[in-house]
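Presented below is the structure to which this report refers.
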Protein chains: 2
Amino acid sequence: MAVTLKEVAERAGVSRSAVSRTYTDGASVSPKTRKKVEKAAKELGYSPNALASSLTTGRTKLIGLISNNFHNPLFLEVFDLFTRRLQEKGLRPLLVNLTDETDPESSLRMLKQYSVDGVIVASSTLSPEFAKAFHDAKIPVVHSFGRFASAPDVHVVGVDNVECGRMAARTLLARGYKHIGFLGGPKGATSTVDRRAGFMEVTGQAKGIKVKESNAAAYSFEAGRTAMLKELKGTHAEAYFCGDDVMSIGALSAINSSGLSAPTDIGIIGLNDMEMAKWENIDLTTIRQPIKQIVDSSVELVMAALEDSNRHPEARLFSCQVIERGTLRPI
Amino acid sequence: MAVTLKEVAERAGVSRSAVSRTYTDGASVSPKTRKKVEKAAKELGYSPNALASSLTTGRTKLIGLISNNFHNPLFLEVFDLFTRRLQEKGLRPLLVNLTDETDPESSLRMLKQYSVDGVIVASSTLSPEFAKAFHDAKIPVVHSFGRFASAPDVHVVGVDNVECGRMAARTLLARGYKHIGFLGGPKGATSTVDRRAGFMEVTGQAKGIKVKESNAAAYSFEAGRTAMLKELKGTHAEAYFCGDDVMSIGALSAINSSGLSAPTDIGIIGLNDMEMAKWENIDLTTIRQPIKQIVDSSVELVMAALEDSNRHPEARLFSCQVIERGTLRPI
DNA sequence: ATTCAGATTGCAACCGGTTGCAAAAATTGT
DNA sequence: ACAATTTTTGCAACCGGTTGCAATCTGAAT
């Protein structure tokens with residue numbers, strides 16, 4: 001098998017502790033022994049067993065990265081950012097795909113078995129109870145893209161979805177749309193609920209505005225398309241705020257198949273600003289979530305929580321921004 | 001911290017071995033003690049520390065999942081499938097994002113440190129040397145979506161890209177295109193090289209066919225779009241085989257921005273059949289890679305390699321299939 | 001040369017489990 | 001009831017490291 005500390009010690013003619021200390025920073029080793037150890041280690045091709053050391057140190061540098069968003073292209077970007085950032089910080093992502101079939105209990109148990117130092121839950125649709133389960137198991141957890149709460153149970157990093165809803169509404173009103181639609185994501189999702197609240201708040205206060213609302217079955221292309229096709233059968237609004245970018249693209253597809261086009265016949269504003277949104281054939285006006293900042297902040301927060309395990313739960317919010325492209329008429 | 005085996009043993013009034021054996025299958029424990037142990041474990045909320053046991057058993061059930069494809073939507077599907085499958089088999093994916101900046105050496109070292117049982121390299125563009133490095137480190141490795149070789153250095157699961165090239169060429173010829181184009185991915189990638197070879201083989205044997213070729217800088221939307229825009233400046237072919245689906249979508253976007261359309265003015269056939277390809281606004285004719293089979297087979301193969309570590313390297317190939325949609329004219 | 005503080009070193013116990021082995025208990029056969 | 005098996009059990013050593021502690025070494029100060 002692999003080369004062990006003992007073999008290196010023998011070869012270098014020092015004690016096992018000396019070898020160990022060479023690879024532990026802050027430990028006291030003379031330059032001379034360090035040299036000897038490093039030489040022997042190189043010759044033998046030794047690298048310390050991180051798992052064995054975790055036994056005594058109590059730190060594995062393993063971070064559970066849990067998500068159920070394996071169909072939303074935005075999350076490929078999110079995973080990219082998370083893995084890069086964690087790697088930079090010397091942490092290792094243990095990926096968990098929380099499908100509908102897998103029971104959360106068993107995922108939790110397995111993460112405990114692998115003694116992850118912390119957990120990042122990357123999902124807007126996941127129930128807060130799930131994140132809370134980790135909290136109860138005394139594992140630091142950060143809920144990324146989670147729901148804002150003024151007194152959160154667990155650390156949350158994300159955007160204020162209520163404000164996103166307001167922002168979308170204001171954007172549509174500013175462009176003079178009089179009949180506007182809220183085409184939300186799945187009704188149960190907290191993100192949908194919050195965005196709707198903000199949206200309705202602003203539109204409710206405006207004069208002479210007609211609002212209609214409906215929901216798609218999921219944050220997906222098909223669901224967005226289906227929902228928009230349904231809209232087009234009745235009297236549709238002049239512009240819609242869609243649940244997210246993927247749904248928006250589905251909606252646009254529905255609009256085009258019906259012989260209409262955006263923004264001429266119907267305006268669309270999405271949410272997320274995933275990479276595809278700026279593809280020239282999509283050119284979607286949308287509200288950008290600052291995913292890089294959310295990711296970086298989540299990693300930073302989970303590391304901080306590692307240091308101080310009963311750190312008080314904290315909510316970090318980032319502001320969104322309207323990205324003007326070609327699916328809303330100009331102001 | 002967490003509850004340990006010792007505490008359970010004390011509570012149950014049995015030896016530590018008894019507890020250990022309760023959680024090791026195949027071990028000899030009487031139903032009576034097992035009951036006692038399970039009771040105590042439940043009361044204490046005990047779950048065995050997988051890392052500690054790996055120390056003696058030599059198995060972590062950790063599988064390194066390495067990729068550099070964090071921008072190709074196909075790979076979100078691939079990650080979804082991999083994580084699900086690995087989870088089903090009781091294995092845990094340790095995700096590694098091999099960016100251009102990260103040096104492969106250090107990733108290898110880190111995976112060794114975490115004593116992963118095996119490694120799956122999921123990438124078509126990754127150099128075979130990289131996969132080989134693991135092989136040399138005596139870690140079972142499967143190169144998924146890798147290049148076929150009749151005498152492979154490491155296990156490979158994927159498709160025969162040469163045959164894909166032939167298939168694309170035949171499909172175009174069958175539709176009567178006389179002037180056809182190979183719009184490949186990055187020139188260095190083995191997948192590009194192989195597909196080109198197959199494509200040229202078939203077109204070279206056909207009579208009266210004019211072939212032109214060029215390459216995009218990457219398997220990406222932008223690169224595909226840019227490459228196609230360039231084509232459109234000169235005299236373009238009647239139909240193109242594009243490097244992959246994302247590139248195809250970029251190419252289609254270029255075609256549309258130029259006031260042309262597929263398949264009327266130009267035909268496009270892609271490769272992969274990622275989910276987006278069947279979106280109604282894309283409706284891309286393409287060659288399907290059976291990614292589910294590739295993934296399942298990769299997991300199966302890595303498990304087999306775990307059993308028998310000096311199993312002979314094996315190449316598993318799956319056949320592709322043309323999926324007819326709307327970007328090529330009918331036969 | 002002597003003293004003494006600070007740096008370096010090795011010993012041995014420990015982290016949370018597993019496992020070979022021999023002793024103890026349960027089962028079987030007569 | 002007794003011997004021969006088979007099963008179950010606990011002891012103790014081990015997996016690959018870390019770390020508190022006491023012993024040793026070093027160099028500066030006297």
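Protein chains get the first letters and strands the later ones, always in sequence-line order, with residue 1 at the start of each.
Rounded to whole angstrom, the span from the CG atom of A:Leu44 across to the P atom of D:dG16 amounts to 14 Å. Nucleotide C:dC11 holds its P atom 13 Å from the NZ atom of A:Lys6, rounded to whole Å. The separation between A:Asn49 atom CG and D:dG16 atom P is 8 Å, rounded to whole Å. Rounding to whole angstrom units, NZ of residue B:Lys112 and P of D:dG17 are separated by 12 Å. Rounded to an integer number of Å, the gap from B:Arg59 CZ to C:dG17 C1' is 17 Å. Here the P atom of nucleotide D:dG16 and the CD atom of A:Glu7 are 8 Å apart, to the nearest Å. B:Leu55 places its CG atom 18 Å from the P atom of D:dA13, with the value rounded to the nearest Å. If you take CD of B:Gln113 and C1' of D:dG16, they are 13 Å apart, rounded to a whole angstrom.
The side-chain contact (heavy atoms from CB on, under 4.5 Å) test applied to B:Asp308 returns B:Asn310, B:Arg311, not counting sequence neighbours. In this structure, B:Ser17 has no side chain to side chain donor-acceptor pair (under 3.5 Å) partners at least two apart in sequence or on a different chain. Residues passing the side chain to side chain donor-acceptor pair (under 3.5 Å) test with A:Lys292 are A:Asp296, sequence neighbours excluded. With sequence neighbours left out, the side-chain contact (heavy atoms from CB on, under 4.5 Å) criterion links A:Leu98 to A:Ile66, A:Asn68, A:Thr102, A:Ser107, A:Leu126, A:Phe130. Residues passing the side-chain contact (heavy atoms from CB on, under 4.5 Å) test with B:Arg109, sequence neighbours excluded: A:Ser47, B:Ser106, B:Gln113. Contacts of B:Ser298 classified as side chain to side chain donor-acceptor pair (under 3.5 Å), with partners at least two apart in sequence or in another chain: B:Ser144.
Using a 4.0 Å heavy-atom distance criterion, A:Ser28 is classed as a base contact.
The list of salt bridge (charged side-chain N to carboxylate O under 4.0 Å, His left out) pairs with a residue in residues 142-158 of chain B, not counting sequence neighbours, reads B:Arg147-B:Asp194. Residue pairs meeting the salt bridge (charged side-chain N to carboxylate O under 4.0 Å, His left out) criterion with at least one partner in residues 55-80 of chain B, sequence neighbours excluded, are B:Asp80-B:Arg84. Among pairs with a residue in residues 11-28 of chain A, those fulfilling salt bridge (charged side-chain N to carboxylate O under 4.0 Å, His left out) read A:Arg11-A:Glu43, at least two apart in sequence or across chains.
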Output a table of nitrogen or oxygen pairs between the protein and nucleotides 18-24 of chain D separated by less than 3.5 Å.
| from | atom 1 | to | atom 2 | distance (Å) |
| --- | --- | --- | --- | --- |
| D:dT18 | OP2 | A:Ser20 | OG | 2.2 |
| D:dT18 | O5' | A:Ser20 | OG | 3.4 |
| D:dT18 | O4' | A:Thr56 | OG1 | 2.9 |
| D:dT19 | O4 | A:Ser17 | OG | 3.3 |

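DNA chain C lies under 4.0 Å from no heavy atom of any residue of residues 30-42 of chain B.
Rounded to 10 degrees, the angle separating the terminal axes of the helix from C:dA1-D:dT30 to C:dT30-D:dA1 is 30°, with each axis obtained from five end pairs.
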- request: Mind running ring pair (Phe, Tyr, Trp, His ring centres under 6.0 Å) on A:Phe318 and A:Phe148 for me, showing each step along the way?
  value: CA-CA 10 Å; A:Phe318 289 93; A:Phe148 165 72; over 10 Å; no
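Taking the six-membered ring for Trp and the full ring otherwise, the centers of A:Phe82 and A:Phe75 sit at least 6.0 Å from each other.
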